[in-house]
Amino acid sequence: MFVREALRSAPMVDDVPGLRLLQVGDGWDLVRTPADIGLLVLAHLRATGTPIGPVLYDRPNERLYYAIRAGTVDSWDDLPVRHLSSNSWLVAPGVELMDDWFGGWCELPNDDTLTDADALRAALQHPYVDAHQKAPCGACLQGNDTFRRIQGRPLHTRTTGRGHL
């Protein structure tokens, strides 16, 4: 099932209008990144013209979630990410919800596009992104709106320099 279809059929979270509970692992998995790293990766993928699947920005937790095809990567242990698959759930806004408090969808294609796991891994290992991962937290552009617009697309984001995962 495609992510957009899953959003439409997912149950609503009772106490917060517009939020849905998505079950991960039915045709697609998620790779969770810290927002500061994930935004650099998103900029790299956009700049290289790589097809990008759904990408969710979780503002309260400062994370990005990339949708990839289920079962495409065995291990992400060497990278500052978390792979979410079967038996994982995600609270996500429906396509109608986008706000500055929660965040929202940076990418939500109208088709079955998913981010290629190998391209995502390569972007995470890009020298610029890799150097940022190794920088001390104080170098994470605290309070900077640098990533508010990447490649001319609004992200409704702001990096905070909090922990990396």
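For D111, the side chain to side chain contact (heavy atoms under 4.5 Å, CB included) partners at least two apart in sequence or on another chain are P109, T113. Among residues two or more places apart in sequence or in another chain, the side-chain hydrogen bond (donor to acceptor under 3.5 Å, both in side chains) test is passed with D116 by none.
Once rounded to the nearest 0.5 Å, the distance linking NE2 of H44 with CG of L124 reads 9.5 Å. Taken to the nearest 0.5 Å, the CG atom of L39 stands 6.5 Å off from the SG atom of C106. Atom CD of Q23 is separated from atom CG of N87 by 7.5 Å, given to the nearest 0.5 angstrom. With rounding to the nearest 0.5 angstrom, the CG atom of L114 is 8.5 Å from the CD1 atom of I68.
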- Message: I'd like to know whether D78 forms a side-chain contact (heavy atoms from CB on, under 4.5 Å) with Q125, so could you lay out the CA-CA distance, the side-chain angles of the two residues, the decisive distance to 0.1 Å, and finally the verdict.
- Response: CA-CA 10 Å; D78 59 329; Q125 294 172 327; 3.7 Å; yes

- Task: Take L56 and L90, measure what side-chain contact (heavy atoms from CB on, under 4.5 Å) needs, and give me the verdict at the end.
- Result: CA-CA 10 Å; L56 176 66; L90 177 70; 3.8 Å; yes

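At a threshold of 4.5 Å between non-hydrogen side-chain atoms, the residues L30 and P54 do not count as touching. Counting only heavy atoms from C-beta outward, the side chains of Y57 and R63 never approach each other to under 4.5 Å. The shortest side-chain heavy-atom distance between R121 and V31 does not fall under the 4.5 Å cut-off. Residues V41 and T33 form no side-chain contact, since every pair of their non-hydrogen atoms from C-beta on lies 4.5 Å or further apart. Within the 4.5 Å cutoff, the side chain of L22 has no heavy atoms near those of the Y65 side chain. Between E107 and Y66, the closest side-chain pair of non-hydrogen atoms is not below 4.5 Å.
The nearest pair of heavy atoms linking L7 to A92 is CD2-CB, 4.3 Å. Scanning both residues, W28 and F2, for their nearest heavy atoms gives NE1-C, 4.1 Å. Minimum heavy-atom separation, D29 to L84: CB-O, 3.3 Å. Nearest heavy-atom pair, P80 versus P34, reported as atom, atom and distance to 0.1 Å: O-CD, 3.2 Å. In this structure, L45 and A119 approach most closely via the heavy-atom pair CD2-O, 3.9 Å.
No donor-acceptor pair closer than 3.5 Å links the side chain of R69 to the backbone N or O of A117. S85 contributes no side-chain N or O that, together with a main-chain N or O of G25, makes up a donor-acceptor pair within less than 3.5 Å.
Tested against W76, the residues R32, R82, H83 include a single side-chain contact (heavy atoms from CB on, under 4.5 Å) partner, H83.
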